[in-house]
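Working notes, structure below.
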Amino acid sequence: MAKHDRYCKAAPTAQDDVGIGHNGGPELTIEQMFTLVGPRNFTVIEPFQCGAPWTGYATDDELLQLAMDQGRIDRAERRVKELKARRTKTMNRCIRRMRRDSGRN
């Protein structure tokens, strides 16, 4: 079996050990990392209760899924509302240009 160096075309890329961590930053102790980042923040999703009688028959997993779905629906509705507002703003701008061009304003 031939030596690896004989067939290697590229220069070796291994770095000298200069005290740098695997991602190129300084190696930190857990205490230093905690002071920089802070404690983990786990967001707790409250079970979804919409007041409908069928929610009394849902399991805890189903209620959790409903809560996540409701959050997704709320964010989607907010995106649609923002898009419609942007469309209205553009439409009004174009109407003003049209009126100015026709001499009505």
Side-chain angles (χ1 to χ4, degrees):
M1 185 174 219
K3 290 177 85 175
H4 177 68
D5 293 339
R6 183 175 167 195
Y7 298 104
C8 185
K9 303 270 190 229
T13 59
Q15 298 176 353
D16 296 334
D17 184 18
V18 292
I20 295 177
H22 71 281
N23 61 353
E27 291 189 19
L28 299 174
T29 63
I30 292 177
E31 290 83 15
Q32 292 169 331
M33 187 74 77
F34 184 78
T35 58
L36 288 175
V37 177
R40 290 186 181 197
N41 184 10
F42 294 105
T43 56
V44 178
I45 298 175
E46 294 295 324
F48 178 73
Q49 294 287 340
C50 66
W54 57 266
T55 56
Y57 295 95
T59 65
D60 289 340
D61 291 337
E62 290 171 335
L63 290 174
L64 184 63
Q65 185 63 47
L66 285 169
M68 289 191 294
D69 291 343
Q70 186 61 42
R72 289 182 183 130
I73 289 169
D74 292 342
R75 288 188 295 275
E77 287 175 349
R78 200 175 319 128
R79 282 193 306 268
V80 169
K81 187 177 179 181
E82 290 171 1
L83 286 172
K84 286 183 177 182
R86 207 165 82 186
R87 180 186 65 181
T88 302
K89 191 175 181 180
T90 304
M91 181 181 66
N92 289 336
R93 206 171 31 238
C94 292
I95 288 172
R96 281 194 303 271
R97 282 190 207 121
M98 181 181 68
R99 287 180 179 166
R100 263 190 308 245
D101 192 42
S102 68
R104 289 195 294 179
N105 210 4

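Just the heavy atoms: all of them, side chains too, but no hydrogens, waters or symmetry mates, feed the values below. Numbering starts at 1 and runs along the sequence shown.
Between Met68 atom CE and Leu64 atom CG the span is 4.5 Å, to the nearest 0.5 Å.
Legend: residues meeting side-chain hydrogen bond (donor to acceptor under 3.5 Å, both in side chains) with Asn92, ordered by chain and number and at least two apart, are absent.
Closest of all the heavy-atom pairs between Thr55 and Leu63 is O-CD2, 4.0 Å.
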Result block: side-chain N/O donor-acceptor pairs under 3.5 angstrom for residues 71-87, not counting sequence neighbours:
residue, atom, partner, partner atom, Å
Arg72, NH1, Asp69, OD1, 3.3
Asp74, OD1, Gln70, NE2, 3.0
Arg75, NH1, Gly71, O, 3.4

